[in-house]
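Reckoned from all heavy atoms, side chains included, excluding hydrogens, waters and symmetry mates. Both ligands and their constituent atoms are indexed starting at 1 by order of listing.
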Amino acid sequence: MAPVATSEKDQAQGLVQETKAQKVFNPFYSPPGDDDGDVNYKYADFKASAPSFPNISYEPLKEQHVVERGLFADPTKANLFGAATKVKHLTPAIGTEIEGIDLRKLIDVQKDELALLVAERGVVFFRDQDINIYEQLDLARHFGPLHKHATTPIPRIGLEEVHVVYNDASRRPDPTSFSKLELWHSDVSYELQPPSTTSLKVITGPEVGGDTLWSSGYALYSSLSPGFQAYLEGLTAVHSAVAQADGNRAAGLPVRRQEIETVHPVVRVHPATGWKSVYVNPGFTRRIVGVPKAESDAILNFLFHQIGENPDFQVRFKWEVNSIAFWDNRIVTHSATFDFWPATRHALRATPHGEKPTSVADYERQTGKEAKDRQLEIWKQQGVKVELNQKPKTTKTRGYND
Ligand SMILES: O=C(O)CCC(=O)C(=O)O
Ligand SMILES: [Fe+2]
């Protein structure tokens with residue numbers, strides 16, 4: 001049965017109701033499902049069934065104390081890498097896969113090194129992990145106080161700090177309801193202290209499909225010309241929870257915390273690396289503050305398209321059951337694929353709060369250090385003397401399309 005959009009507003013929010021089954025699909029989170037009869041499913045307790053949208057209300061979030069664990073890490077990551085059998089970078093800009101580690105056995109120095117590695121590489125993957133959701137939450141608490149989401153489902157057993165990602169045959173995505181570009185996001189970036197080292201473990205998944213992509217904000221920053229970098233560094237932008245909350249209301253689901261809009265710097269500095277990253281995302285960033293709307297639209301549109309379309313900034317991960325990803329929401333955006341219907345895909349996320357995003361000027365004032373361009377720093381470490389965005393002097397320019 002073909003899903004039909006219920007209204008233009010629903011379409012705009014990516015909400016679709018299927019005529020008969022009355023199901024709702026919103027690409028940003030798992031809708032409620034008719035899974036109550038599925039008692040044999042081994043992870044039924046964690047599914048996004050009706051009781052997992054409890055009608056409870058949370059107070060507005062207040063300032064929270066966060067300790068940046070990456071600052072305590074040995075930069076060589078000797079303890080983490082020493083325990084691994086393989087460490088493989090997946091692209092130059094972003095993504096590393098580690099083999100031979102059991103995440104349940106990490107000691108605190110290894111957790112700190114993992115935080116720094118994720119801060120440097122954007123996203124780090126492990127496969128075949130037996131870590132359960134309670135252990136995943138405990139590991140996440142090492143990185144910061146855990147976020148409770150206002151609109152997404154929680155497991156029916158009531159772990160409010162877990163964000164459930166769940167799709168199956170009863171939730172058919174409707175490609176007319178959203179563009180792939182607007183699915184790129186940094187989790188809950190509208191919060192006062194948006195997430196840091198976030199983890200997602202796939203506990204049930206399709207044989208093929210359901211990959212996730214991440215895009216590096218460091219690489220996006222590095223790709224820009226110096227004048228444009230400096231211009232962006234002086235800007236702030238509004239991040240909004242309104243569409244997400246309205247999406248829940250339109251679907252008849254509760255909103256557990258009053259939606260907010262928050263202004264963050266367009267370029268933020270990661271506290272552990274000191275590197276500059278573009279911090280806007282199509283999912284939640286609505287406008288740049290204090291510039292003409294046409295200018296804001298043009299700049300955001302350009303940045304959003306670079307995030308979604310520049311493969312040099314991206315990594316794509318093919319999950320297996322028991323794969324887990326750790327990404328630093330401060331410096332990457334991500335986007336799930338929805339190509340696996342009617343298969344079931346089920347994942348659980350733990351989401352620590354990070355610090356209030358720090359602009360370049362604030363970082364330099366607070367630390368007395370100069371914020372850096374990641375790519376220039378890496379080239380410097382490699383002994384390569386080159387400026388970004390200058391034509392190579394020794395190579396004849398010619399086309400790349402052979
Ligand atoms: O399903 C996925 O791969 C990612 C979903 C997502 O955006 C998230 O859990 O933050
Ligand atoms: Fe996400």
For residues 106-119, dump all side-chain donor-acceptor pairs below 3.5 Å to protein atoms at least two apart in sequence or in another chain.
| from | atom 1 | to | atom 2 | distance (Å) |
| --- | --- | --- | --- | --- |
| Asp108 | OD1 | Lys111 | NZ | 3.4 |
| Gln110 | OE1 | Ile107 | N | 2.9 |
| Gln110 | NE2 | Asn79 | O | 3.1 |
| Asp112 | OD1 | Arg69 | NE | 2.9 |
| Asp112 | OD1 | Arg69 | NH2 | 3.4 |
| Asp112 | OD1 | His142 | NE2 | 2.6 |
| Asp112 | OD2 | Arg69 | NH2 | 3.1 |
| Glu113 | OE1 | Asn79 | N | 3.0 |
| Glu113 | OE1 | Leu80 | N | 2.7 |
| Glu113 | OE2 | Asn79 | ND2 | 2.7 |

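- Close approach to His163 involves these atoms of ligand 1, each under 4.0 Å from a residue heavy atom: 8 (C), 9 (O).
- Considering Glu191, Gln64, Glu63 as possible partners of His353, the one that fulfils the side-chain hydrogen bond (donor to acceptor under 3.5 Å, both in side chains) test is Gln64.
- Contact check on Glu161 versus Arg141 returns a salt bridge, with a Lys/Arg side-chain nitrogen under 4.0 Å from an Asp/Glu carboxylate oxygen.
- For a threshold of 3.5 Å applied to N or O pairs, the pair formed by Trp327 and ligand 1 contains no separation below that value.
- In this model, no donor atom of one side chain and acceptor atom of the other lie less than 3.5 Å apart for Gln314 and Ser215.
- Close approach of ligand 1 to Thr212 (heavy-atom distance below 4.0 Å) involves ligand atoms 2 (C), 3 (O).
- When you scan the N, O or S atoms of His334 for the one nearest the Fe ion (ligand 2), you land on NE2.
- Thr333 and Asn281 share no side-chain donor-acceptor pair at under 3.5 Å.
- Aromatic ring pairs are classed by plane angle as parallel below 30°, tilted from 30° to 60° and perpendicular above 60°; the pair His334 and Trp327 is tilted.
- Residue His185 has at least one heavy-atom neighbour below 4.0 Å for each of these atoms of ligand 1: 7 (O).
- An N or O contact shorter than 3.5 Å links Arg345 to ligand 1 by distance.
- Per-residue contacts place Asp187 under 4.0 angstrom from the following atoms of ligand 1 (heavy atoms of the residue considered): 10 (O).
- Geometry about the Fe ion (ligand 2) gives an angle of 90° between NE2 of His185 and OD1 of Asp187, rounded in steps of 10 degrees.
- A donor-acceptor pair shorter than 3.5 Å cannot be found between the side chains of Asp211 and Thr337.
- Note: Trp319 and Trp214 have tilted aromatic rings, judged against thresholds of 30 and 60 degrees for the angle between ring planes.
- Each of the following atoms of ligand 1 lies closer than 4.0 Å to a heavy atom of Val165: 1 (O), 9 (O).
- Contacts of Leu200 with ligand 1, taken as heavy-atom pairs under 4.0 Å, involve the side chain alone.
- When heavy-atom distances to ligand 1 are checked against a 4.0 Å cut-off, Trp184 has no atom that comes that close, whether in backbone or side chain.
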